[in-house]
*Asks:* 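I am attaching a structure below and will ask some questions about it afterwards.
Residue numbers start from 1 in every chain, and the chains themselves are labelled A, B, ... in the order their sequence lines are given, proteins ahead of strands.
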2 protein chains.
Amino acid sequence: MTDSHSEKHQPPHLDDFLCFALYKAHHAMNRFYKPLLGELGLTYPQYLVLVALWEQDDQSVGQLGELLHLESNTLTPLLKRLEGAGLVRRRRAANDERQVQVSLMPEGRELKQKSWDVAACLFETIGMSREDIGTLVEDLNGVTGAVVAGRGR
Amino acid sequence: MTDSHSEKHQPPHLDDFLCFALYKAHHAMNRFYKPLLGELGLTYPQYLVLVALWEQDDQSVGQLGELLHLESNTLTPLLKRLEGAGLVRRRRAANDERQVQVSLMPEGRELKQKSWDVAACLFETIGMSREDIGTLVEDLNGVTGAVVAGRGR
DNA sequence: TGCGATTAAATCGTGTGCGATTAAATTTCT
DNA sequence: AGAAATTTAATCGCACACGATTTAATCGCA
């Protein structure tokens, strides 16, 4: 790490922190989604897992983890709950018994339609143009990429 | 929720979701901070509480909750851990026994210096100019504000 | 004054997240 | 082929996060 910070040692203001802005925005998103997803019987991470499966069915726990940046210690119980709710099926892969393949059950596939309303509701509430949202998403992904890449140092 | 979304019903791609970009960025931030804050014996939310107290000492649980968007059910055990670590003191307010005032202990005040390095390390890793970070923070706060305001509907 | 309403924390139960470890299957390398 | 290394999930423990409820103190109003 360089010393680019050592010139300016004034105590940081909470609202200036990028990390805090992210923290708040993430929480706001969570609180927004919770009641809407609650009607579907889903939590927010469960919803993300389903979005990933709607896009590409029959993924292994590891594949889902890579997509969502989660590990098996988080995914396993979450997936068991989705399985318990009858939304997905967990089966060990035939060719490699170490892997567990997660695939959609009919009931899980049906939620796809209903969830559109949730995403649309958020889009409306934010009131940003698709372009601005796209730009913001790119900026965020840039930060995410830089932070993830910088972790190993 | 209105039906203004019903025109465009193409299945959303996971990476297009603003909520998912936030989710990832927040997690990346968490994973980045965790080992650094771990050296100080802090978790990320504990760090945020201390930042809030460094800025303004002797706040009530409710005040901290408003700043951090957290409720007493989250803050109380967190604050008890900070108290157990000798970083803060919790005392019922003299004029209103319902409130609990949280104030910094010397050891908690000292961490302020050390934490500068953590924030600086993140700043470096991200590699964005202060202006760009400021813009991003504003955009995020705009989204947060819109989402929070839209929740009551 | 006193009693109901309000407010502020704390408590409880469920569901993530994650570091560390474990268990089982597969691959690698002699 | 067979032991060691690697890979993949699962398990365990701890710390948030939050809806719902509880408890205690204060306020408001007749």
Side-chain angles (χ1 to χ4, degrees), chain A residues 19 23-50 59-66 68-85 90-102 148 151, chain B residues 19 22-39 41-50 59-66 68-85 90-102 148 151:
Chain A
C19 68
Y23 180 83
K24 280 191 300 183
H26 171 70
H27 283 175
M29 207 61 85
N30 249 323
R31 287 194 299 271
F32 179 86
Y33 269 116
K34 183 164 285 221
L36 298 175
L37 292 175
E39 294 175 18
L40 307 181
L42 292 175
T43 66
Y44 183 63
Q46 287 169 7
Y47 166 67
L48 292 179
V49 167
L50 288 183
Q59 300 193 60
S60 71
V61 173
Q63 283 175 294
L64 288 172
E66 187 149 2
L68 304 178
H69 299 302
L70 294 174
E71 323 235 339
S72 66
N73 49 14
T74 299
L75 281 172
T76 296
L78 187 158
L79 292 170
K80 283 184 177 174
R81 283 181 207 105
L82 286 179
E83 188 180 41
R90 291 163 63 248
R91 274 191 312 186
R92 300 222 87 106
N95 56 332
D96 187 340
E97 291 264 330
R98 288 173 302 183
Q99 299 183 39
V100 167
Q101 292 296 122
V102 183
V148 170
R151 269 211 312 146
Chain B
C19 68
L22 279 170
Y23 180 82
K24 281 190 300 182
H26 172 69
H27 282 176
M29 206 62 83
N30 249 324
R31 287 193 299 271
F32 179 85
Y33 269 116
K34 181 163 288 223
L36 299 175
L37 292 175
E39 295 175 16
L42 292 175
T43 67
Y44 183 64
Q46 287 168 8
Y47 166 67
L48 291 179
V49 166
L50 288 184
Q59 299 193 60
S60 72
V61 173
Q63 283 175 294
L64 288 171
E66 185 148 2
L68 304 178
H69 299 302
L70 295 175
E71 323 235 338
S72 66
N73 50 13
T74 298
L75 280 174
T76 296
L78 186 158
L79 292 170
K80 283 184 177 175
R81 283 179 209 106
L82 286 179
E83 188 180 41
R90 291 164 63 248
R91 275 190 311 186
R92 300 221 87 107
N95 56 330
D96 187 340
E97 291 264 329
R98 288 173 303 183
Q99 299 183 41
V100 166
Q101 292 295 122
V102 182
V148 170
R151 271 212 311 148

*Asks:* Nearest-nucleotide wise, let me know which of B/T74 and A/T74 is further upstream toward the 5' end of DNA chain C.
*Replies:* B/T74
*Asks:* Would you indicate whether B/E97, at its atom CD, is surrounded by more than 12 heavy atoms from other residues, nucleotides or ligands within a distance under 6.0 Å?
*Replies:* yes
*Asks:* Minimum heavy-atom separation for A/S72 to A/P77, with atom names?
*Replies:* O-CD, 4.0 Å
*Asks:* For A/Q63 and D/dA9, give me the distance from atom CD to atom P, rounded to whole Å.
*Replies:* 8 Å
*Asks:* Could you check how far CG of A/L70 sits from C1' of C/dG15, rounded to whole Å?
*Replies:* 13 Å
*Asks:* Specify the separation, in whole Å, of atom CG of A/L36 and atom P of D/dC18.
*Replies:* 15 Å
*Asks:* Does B/S72 make a side-chain donor-acceptor contact with the base of C/dA10, cut-off 3.5 Å?
*Replies:* yes
*Asks:* Would you say a side-chain N or O of A/R92 is under 4.0 Å from OP1 or OP2 of C/dA23?
*Replies:* no
*Asks:* Check whether any side-chain N or O of A/S60 sits under 4.0 Å from OP1 or OP2 of D/dA9, and answer yes or no.
*Replies:* yes
*Asks:* With nearest nucleotide decided by heavy atoms, which residue, A/Y23 or A/L75, maps closer to the 5′ end of DNA chain D?
*Replies:* A/L75
*Asks:* Distance from A/H27 atom NE2 to B/L70 atom CG, nearest 0.5 Å?
*Replies:* 6.0 Å
*Asks:* Is B/C19 close to A/Y44 at the side-chain level, that is, under 4.5 Å between some pair of heavy atoms?
*Replies:* yes
*Asks:* Nearest-Å distance, OH (B/Y33) to C1' (D/dA15)?
*Replies:* 19 Å
*Asks:* On the nucleotide D/dA15, are OP1 or OP2 found under 4.0 Å from the side-chain N or O atoms that B/T43 carries?
*Replies:* no
*Asks:* Between D/dC18 atom C1' and A/F32 atom CZ, what is the distance in whole Å?
*Replies:* 17 Å
*Asks:* Given the structure, check if the side chain of B/N30 and the base of C/dG17 hold any donor-acceptor pair shorter than 3.5 Å.
*Replies:* no
*Asks:* So which protein N/O to nucleotides 25-29 of chain D N/O distances come out below 3.5 Å?
*Replies:*
unit_1, atom_1, unit_2, atom_2, d
D/dT26, OP1, B/E97, N, 3.1

*Asks:* Return the OG1 to CG distance between A/T74 and A/L79, rounded to the nearest 0.5 Å.
*Replies:* 10.5 Å
*Asks:* Considering heavy-atom distances to DNA chain C, does A/P45 or B/V61 have its closest nucleotide positioned more toward the 5' end?
*Replies:* B/V61
*Asks:* Between A/V148 and B/R31, what is the shortest heavy-atom contact and its length?
*Replies:* CG2-NH2, 4.1 Å
*Asks:* Rounded to the nearest 0.5 Å, what's the gap from CZ on B/R90 to CD on B/Q101? Could you check?
*Replies:* 12.0 Å
*Asks:* Closer than 4.0 Å, any side-chain N/O of A/Y47 to the OP1 or OP2 of C/dG15?
*Replies:* no
*Asks:* In whole Å, what is the span from the CG atom of A/L37 to the C1' atom of C/dT16?
*Replies:* 14 Å
*Asks:* Determine the minimum heavy-atom distance between A/V61 and A/L75, stating which atoms define it.
*Replies:* O-CD1, 3.6 Å
*Asks:* Using a heavy-atom cut-off of 4.0 Å across all strands, would you classify B/H69 as base, sugar-phosphate, or nothing?
*Replies:* sugar-phosphate
*Asks:* Kindly determine whether A/N30 and A/H26 satisfy side chain to side chain contact (heavy atoms under 4.5 Å, CB included), including the steps that lead there.
*Replies:* CA-CA 6 Å; A/N30 249 323; A/H26 171 70; 3.4 Å; yes
*Asks:* Dot-bracket for DNA chain D, please, read 5' to 3', with Watson-Crick or G-U wobble pairs under 3.5 Å on both distances, ( ) within the strand, [ ] crossing, | other strand, . unpaired.
*Replies:* ||||||||||||||||||||||||||||||
*Asks:* Under 4.0 Å from OP1 or OP2 of C/dT16: is there any side-chain N or O of A/R81 that close?
*Replies:* yes
*Asks:* Atom CG in A/L48, atom CG in A/L64: separation rounded to 0.5 Å?
*Replies:* 11.0 Å
*Asks:* By nearest atom, which of the nucleotides C/dA10, C/dG17, D/dC16 is closest to the B/Q46 side chain?
*Replies:* D/dC16
*Asks:* Would you kindly give the CG-to-P distance between A/L78 and C/dT14, to the nearest whole Å?
*Replies:* 16 Å
*Asks:* Any side-chain N or O of A/Y44 below 4.0 angstrom from OP1/OP2 of C/dG15?
*Replies:* no
*Asks:* To the side chain of A/K34, which of D/dG19, C/dA10, D/dA9 is closest?
*Replies:* D/dG19
*Asks:* Need to verify one output field. Residue with the more 5' nearest nucleotide on DNA chain D, A/N73 or B/E71?
*Replies:* A/N73
*Asks:* Report the distance from atom CG of B/L79 to atom C1' of C/dA8, rounded to the nearest whole Å.
*Replies:* 14 Å
*Asks:* Looking only at atom types and distance, does a side-chain atom of A/R91 sit under 3.5 Å from a main-chain N or O of A/V102, one as donor and one as acceptor?
*Replies:* no
*Asks:* Side chain of B/K80 only, please: which of C/dC12, C/dA10, C/dC18 is the nearest?
*Replies:* C/dA10
